[in-house]
Amino acid sequence: MGNPGFKDHFSGHSARYARARPLYPDALFDHLAAISPARGTAWDCGAGSGQAAQGLASRFQAVIATDASVGQIAKSRPTPGVLFAAAAAEQAPIRDGGIDLIAVGQALHWFDFPACFAEVRRVARPGGVFAAWCYGNCSVTQKIDGVYDRLYSGLVGPYWPPERAHIEDGYASIPIPFPPIPGPAFTMEAHWDLEEFLAYLGTWSAVQYYRKAKGEDPIALIRPEMERAWGGPAETRRIAWPLTLKAGRVESKEARA
């Protein structure tokens, strides 16, 4: 189903996005499975190319993974137990009342919040769980982080979509209407060499818009400085992203009455 208000920031580089984005930690999916009322069906809403769907598939009997970006869905990796479909978060091709977990990884900030939350209430079983998480800036070393910040805030800073502000405040300003479920802190990690790290930076939406506006690649502009800070292109380094999880229990209609 289409969404006339959908801004597609990623279809143009879906293949790079699928290859170069980090994976979510197993501990996150273990926690989501533990707080869900059952492990029947999970909806991965705003699934992108399926990073979260893979983690959910080993913990739930079935996963429905949807994204409004046709290009993203086209690059998803076939996974047993996962049904991929191009659909907006606000108009899901899902029957009423059958979903145990609605999971939104790094995507809630793109949605129409009232319409999305109405869909969550429609598809969730009583006591179902809504869980949205995001990750912002990563950390490697002090020198690398300095070059990273010059790219993020300096070169491409003016090209970030306004929705990026929700990532920067850890979704604190999004009015999630479900009673919160407390949970532990999570960290997302990757161990990459220089080329893998630069490939990740190249998936940023702001980098794409900078390239279109300026006709040059901001990654190439910071590459010499990043190479010096990295300490050798074959060097593998740990990259860490603090991950913020906002989870809530979807109450039954009777409980809300």
Side-chain angles (χ1 to χ4, degrees), residues 1-10 24 28-29 31-57 59-70 72-73 76 79 81-134 163 166-167 171-183 244-257:
M1 298 181 183
N3 177 4
F6 170 61
K7 303 173 185 176
D8 193 342
H9 300 281
F10 302 106
Y24 301 120
L28 170 65
F29 299 112
H31 174 70
L32 296 178
I35 63 176
S36 295
R39 299 190 184 187
T41 303
W43 175 22
D44 181 7
C45 177
S49 51
Q51 286 88 346
Q54 296 172 42
L56 295 170
R59 294 161 177 85
F60 288 81
Q61 294 177 12
V63 177
I64 302 169
T66 66
D67 197 285
S69 170
V70 175
Q72 287 277 67
I73 290 295
S76 61
T79 303
V82 179
L83 173 65
F84 287 96
E90 302 83 0
Q91 292 178 297
I94 299 173
R95 64 181 176 84
D96 294 0
I99 302 296
D100 297 298
L101 170 71
I102 297 93
V104 186
Q106 196 72 357
L108 181 61
H109 51 291
W110 302 123
F111 299 164
D112 177 321
F113 303 139
C116 171
F117 295 141
E119 278 294 86
V120 169
R121 288 193 176 96
R122 181 183 68 78
V123 304
R125 70 170 64 253
V129 169
F130 171 81
W133 62 90
C134 65
E163 293 88 350
H166 291 303
I167 295 289
Y171 283 174
S173 58
I174 296 179
I176 298 173
F178 311 114
I181 303 171
T244 300
L245 172 67
K246 299 288 187 180
R249 187 77 59 186
V250 184
E251 300 170 305
S252 65
K253 293 180 180 179
E254 292 76 14
R256 297 198 304 270

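Residue numbers count from 1 along this sequence.
Scanning all heavy atoms of the two residues, the minimum distance from Ala33 to Arg59 falls at CB-CB, 4.1 Å. Between Ala107 and Tyr171 the shortest heavy-atom distance is N-OH, 3.6 Å. Ala131 and Leu101 make their closest contact through CB-CD1, 4.2 Å (heavy atoms, listed as atom of the first residue, atom of the second, distance). Nearest heavy-atom pair across Val250 and Ala124 is CG1-CB, 3.9 Å. Nearest heavy-atom pair across Ala42 and Leu56 is CB-CD1, 4.4 Å. Here the closest non-hydrogen pair linking Pro93 and Ala87 is CD-CB, 3.5 Å.
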Open item on the list: Under the criterion side-chain contact (heavy atoms from CB on, under 4.5 Å), I'd like the reasoning laid out for Asp100 against Arg125: C-alpha separation, chi angles, the key distance, then a yes or no.
Closed with: CA-CA 6 Å; Asp100 297 298; Arg125 70 170 64 253; 2.3 Å; yes
Open item on the list: Under the criterion side-chain contact (heavy atoms from CB on, under 4.5 Å), I'd like the reasoning laid out for Thr41 against Val63: C-alpha separation, chi angles, the key distance, then a yes or no.
Closed with: CA-CA 6 Å; Thr41 303; Val63 177; over 6 Å; no
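One finds the SG atom of Cys134 at 7.5 Å from the CD1 atom of Ile174 (value rounded to the nearest 0.5 Å). Put simply, OG on Ser173 and CZ on Phe113 are 7.0 Å apart, with the number rounded to the nearest 0.5 Å. Considering CG of Leu108 and SG of Cys45, their distance stands at 8.5 Å, rounded to 0.5 Å. To the nearest 0.5 Å, atom CD1 of residue Ile99 and atom CD of residue Glu119 are 11.0 Å apart. One finds the NE2 atom of His166 at 7.0 Å from the CD atom of Glu163 (value rounded to the nearest 0.5 Å). In this structure, OG on Ser36 lies 9.0 Å from CD1 on Ile102, to the nearest 0.5 angstrom.
Residues satisfying the ring-ring contact (aromatic ring centres under 6.0 Å, His included) test with Phe60, not counting sequence neighbours, are none. In this structure Thr66 satisfies the side chain to side chain donor-acceptor pair (under 3.5 Å) test together with Trp43, sequence neighbours excluded. Residues passing the ring-ring contact (aromatic ring centres under 6.0 Å, His included) test with Phe111: none are found, sequence neighbours excluded. Considering only residues two or more places apart in sequence or on other chains, Ile181 meets the side-chain contact (heavy atoms from CB on, under 4.5 Å) condition with Ile35, Val129, Ala247, Arg249. Annotation: side chain to side chain donor-acceptor pair (under 3.5 Å) contacts of His31 (sequence neighbours excluded): none.
Looking at Val123 and Asp96, their side chains never come closer than 4.5 Å, going by heavy atoms from C-beta outward. Considering only heavy atoms from C-beta on, Lys246 stays 4.5 Å or farther from Phe130 through its side chain.
Of the possible donor and acceptor atoms, one in the side chain of Glu90 sits under 3.5 Å from a partner among the backbone N and O of Asp112. Looking only at distances, no side-chain donor or acceptor of Thr79 sits under 3.5 Å from a matching main-chain atom of Val82. Looking at Arg121, its side chain never comes within 3.5 Å of a backbone N or O of Cys116 through a donor-acceptor pair.
In this structure, Tyr24 has its ring center under 6.0 Å from that of Trp133.
Screening residues 32-53 for salt bridge (Lys or Arg N to Asp or Glu O under 4.0 Å) gives no qualifying pairs among residues at least two apart or on separate chains.
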